[in-house]
Amino acid sequence: MESVQQVEPFDYIIFGATGDLTMRKLLPALYNKLRLGQVPDDARIIGTARTALDRDAYITRARDALQHFIPAKFFFPELVERFLGMVSYVTLDGTNAESNWDELASELSISPAGRIRVFYFATAPQLYEAICSNLHAKGILTEQSRVVLEKPIGTSLETADAINEGVGKFLPEKQIYRIDHYLGKETVQNVLALRFANPLLNAIWSADHIKSVQITAAEVVGVEGRASYYDTSGALRDMIQNHLLQVLCLVAMEQPESLEADCVRNAKLAVLQALRPIKEDHVANETVRAQYIKGAVDDHAVPGYLEELGQDSNTETYAAIRTWVDTPRWKDVPFYIRTAKRSKRKVSEIVIQFRETAQPLFGSVPGNRLVIRVQPNEGVELNLNVKNPILDEYTLETVKLDAPIKVDGGPFPDSYERLLLDAVRGNPILFIRRDEVDAAWRWAESILNAWADKKAPMHTYTAGSYGPDASKALLAELGDRWHEDMV
């Protein structure tokens with residue numbers, strides 16, 4: 001087993017440190033990295049938020065969060081206390097220049113000069129510029145500082161530009177890390193290895209052999225207490241414009257010159273720039289949007305989206321899009337992207353459907369299918385045609401070769417674990433560059449505008465189903481169908 005490499009000592013300063021993201025994801029991720037020996041004992045975590053708390057009160061909250069979100073067999077009380085010994089808290093309004101900045105500066109002054117400082121903004125994106133302005137004005141930003149921005153960046157190209165320009169006034173691009181937790185998922189990262197480290201797959205990864213590509217991210221949960229927030233976002237902004245387009249880039253990109261960050265990001269950008277624009281007048285033909293209505297999930301009755309929201313709405317909880325990558329490799333290969341709330345199952349996966357062939361011995365042979373399971377049950381599944389062993393004659397049947405991806409001695413790493421320490425390392429390979437953000441918004445905006453103008457109908461689907469019939473019809477137009485045989 002390869003030894004883990006410990007990162008340099010660092011100060012992690014979290015804005016929004018009392019929020020759900022910090023308690024549910026960030027603190028457990030840093031704890032797990034300490035458990036694995038990758039965080040040095042003299043690392044420091046400084047939480048900040050407007051909530052007035054002393055250190056003891058914050059530590060109590062943090063301890064409760066770790067106990068709730070860390071699996072019991074990896075919750076070691078002595079290690080937890082060692083971790084909490086690294087944590088401090090400053091009551092601070094990051095947008096207010098008159099707030100408690102002196103105390104934060106005092107906390108940071110304890111560390112040696114030149115130490116790496118990572119400022120994690122677990123806040124609303126519209127606050128990023130004001131926080132950066134105050135960090136700059138108070139002399140807290142250094143050449144060894146990085147800021148981590150939670151996505152999505154903005155709600156449109158215009159708002160994304162405003163946020164990026166605002167942060168860019170105070171930090172160069174190389175110190176800005178736009179996080180997309182989907183890129184931190186080990187199975188998503190594995191797409192590069194599957195493609196480029198396996199000559200068998202690399203040789204057939206093109207339109208010559210691939211009929212279609214599906215990318216799915218579906219959840220069984222609804223919007224519940226987040227309904228008012230979600231109604232300003234919707235499925236396309238929330239999932240497709242950022243997370244799923246990044247996955248599409250990894251599937252479709254050409255081989256980068258190396259695994260150096262900008263080589264990989266240049267290859268992804270080339271895919272985003274090659275995405276065929278969907279003109280507003282064509283949006284109704286290339287997309288499906290829908291809202292869930294009341295139904296049952298796991299035999300429990302659940303209300304519809306409009307019931308949860310308490311008012312009428314033009315916001316989609318389901319989105320399916322057919323798009324094309326206009327490069328020679330992918331000529332005439334449809335890429336289908338879908339995301340849903342209140343789906344029948346929680347699943348994130350990539351499905352590569354290979355072309356059918358006419359084989360002289362067997363006649364028409366079904367195309368093989370490769371399924372990359374991102375979550376749950378992370379793994380790779382390949383469908384192959386074999387002889388039916390029950391029958392004497394040569395009758396074919398399809399069997400699955402299933403290769404689960406497992407981690408020995410621990411839970412499957414959460415996506416934030418790799419990303420949090422990559423920011424410390426100064427390795428931006430799994431973070432999003434500004435030109436990627438811009439390109440993704442340019443492609444998405446024609447769809448968003450057409451939907452806002454009601455140029456495409458709003459369908460409905462029953463909670464606990466895989467989506468509306470219109471989505472199946474979208475694929476059937478080209479002889480395709482959604483993969484719904486989830487493991």
Side-chain angles (χ1 to χ4, degrees), residues 2 4-8 10 12 25-26 29-30 32-33 36 38-39 116-121 143-153 160 164 167-168 171-198 202 205 215 241-274 348 350 372 374-375 378 405 407 412-440:
E2 294 185 6
V4 295
Q5 185 174 2
Q6 196 173 87
V7 299
E8 293 182 51
F10 60 82
Y12 233 104
K25 291 292 186 180
L26 305 186
L30 290 167
N32 278 326
K33 286 304 187 184
L36 295 172
Q38 293 181 263
V39 172
I116 295 167
R117 294 177 179 177
V118 181
F119 298 92
Y120 197 110
F121 294 175
E143 291 185 0
Q144 292 298 315
S145 295
R146 309 87 155 89
V147 297
V148 180
L149 310 181
E150 268 288 337
K151 291 187 69 188
I153 304 296
N164 284 320
V167 174
L171 292 120
E173 178 67 21
K174 67 180 181 180
Q175 291 178 255
I176 301 172
Y177 289 67
R178 298 172 189 84
I179 194 168
D180 187 327
H181 72 270
Y182 248 67
L183 291 183
K185 295 180 183 295
E186 290 294 328
T187 327
V188 171
Q189 295 172 47
N190 225 340
V191 172
L192 293 184
L194 287 168
R195 283 193 59 188
F196 300 120
N198 294 286
N202 198 23
W205 207 266
I215 300 171
Q241 178 273 331
N242 45 66
H243 305 318
L244 299 191
L245 282 189
Q246 285 292 317
V247 176
L248 185 151
C249 288
L250 296 178
V251 173
M253 73 185 192
E254 297 300 313
Q255 180 170 321
E257 295 179 7
S258 73
L259 290 177
E260 191 273 332
D262 274 338
C263 290
V264 174
R265 298 197 287 186
N266 288 342
K268 289 192 296 170
L269 178 63
V271 175
L272 291 170
Q273 292 173 334
S348 295
I350 304 161
I372 304 170
V374 176
Q375 65 177 16
E378 291 85 351
I405 299 175
V407 179
F412 211 85
D414 182 80
S415 56
Y416 279 91
E417 293 181 24
R418 163 78 186 268
L419 297 171
L420 289 177
L421 291 199
D422 269 358
V424 175
R425 297 183 184 103
N427 181 10
I429 188 171
L430 298 178
F431 295 84
I432 315 302
R433 207 167 56 193
R434 178 177 177 176
D435 49 8
E436 294 179 73
V437 175
D438 292 345

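Residue numbers run from 1 in the order of the sequence given.
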Next on the checklist: Taking atom CD as the centre, does E260 end up with more than 12 heavy-atom neighbours from other residues, nucleotides or ligands that are less than 6.0 angstrom away?
Outcome noted: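 More than 12 within 6.0 Å, yes.
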
Has [X] got a side-chain atom pairing as donor or acceptor with [Y]'s backbone, closer than 3.5 angstrom?
X    : Y    : answer
Q38  : K33  : no
R146 : V424 : yes
R178 : K151 : no
R265 : D435 : no
N198 : A193 : yes
E254 : A267 : no

Would a 4.5 Å heavy-atom cut-off, applied to side chains only, mark [X] and [Y] as touching?
X    : Y    : result
I429 : Q189 : no
N242 : Y182 : no
L26  : L420 : yes
L30  : Y416 : no
I432 : K268 : yes
F196 : M253 : yes

Determine the minimum heavy-atom distance between [X] and [Y], stating which atoms define it.
X    : Y    : value
A439 : L272 : CB-CB, 3.8 Å
E436 : F431 : OE2-O, 4.2 Å
V148 : A423 : CG2-CB, 3.9 Å
A440 : L245 : CB-CD1, 3.9 Å
A160 : I153 : CB-O, 3.3 Å
L171 : I176 : O-CD1, 3.8 Å

Item to check | Geometric class of the Y12/Y120 ring pair [parallel <30°, tilted 30-60°, perpendicular >60°] | outcome: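 Judged by the thresholds at 30° and 60°, the geometry between Y120 and Y12 is tilted.
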
Next on the checklist: Which residues pass the side chain to side chain contact (heavy atoms under 4.5 Å, CB included) test with E8, not counting sequence neighbours?
Outcome noted: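 Side chain to side chain contact (heavy atoms under 4.5 Å, CB included) list for E8, sorted by chain: I116.
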
Next on the checklist: Going by side chain to side chain contact (heavy atoms under 4.5 Å, CB included), name the residues that satisfy it together with S415, two or more places apart in sequence or in a different chain.
Outcome noted: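 Listed in chain order: H181, K185.
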
Measure the spacing between [atom1] of [X] and [atom2] of [Y] and express it to the nearest 0.5 Å.
X    : Y    : atom1 : atom2 : result
Q246 : L183 : CD    : CG    : 5.0 Å
E150 : K25  : CD    : NZ    : 11.0 Å
L419 : N427 : CG    : CG    : 10.0 Å

Next on the checklist: What I want to find out is whether D262 reaches R433 closely enough, with some N-O distance under 4.0 Å, to be called a salt bridge.
Outcome noted: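 A salt bridge is present here (some side-chain N lies under 4.0 Å from a carboxylate O).
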
Checklist entry - Taking NZ, NE, NH1 and NH2 as the nitrogens, is one of them in E173 or R434 under 4.0 Å from a carboxylate oxygen of the other? => result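 Looking at E173 and R434, the cut-off is not met.
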
Next on the checklist: Let's go through D414 and N32 carefully: what are the C-alpha distance in whole Å and the side-chain angles of both, what is the deciding distance for side chain to side chain contact (heavy atoms under 4.5 Å, CB included) to 0.1 Å, and is it a yes or a no?
Outcome noted: CA-CA 9 Å; D414 182 80; N32 278 326; 5.8 Å; no

Next on the checklist: side chain to side chain contact (heavy atoms under 4.5 Å, CB included), that's the test. Do E378 and E186 meet it? Break it down for me.
Outcome noted: CA-CA 9 Å; E378 291 85 351; E186 290 294 328; over 6 Å; no

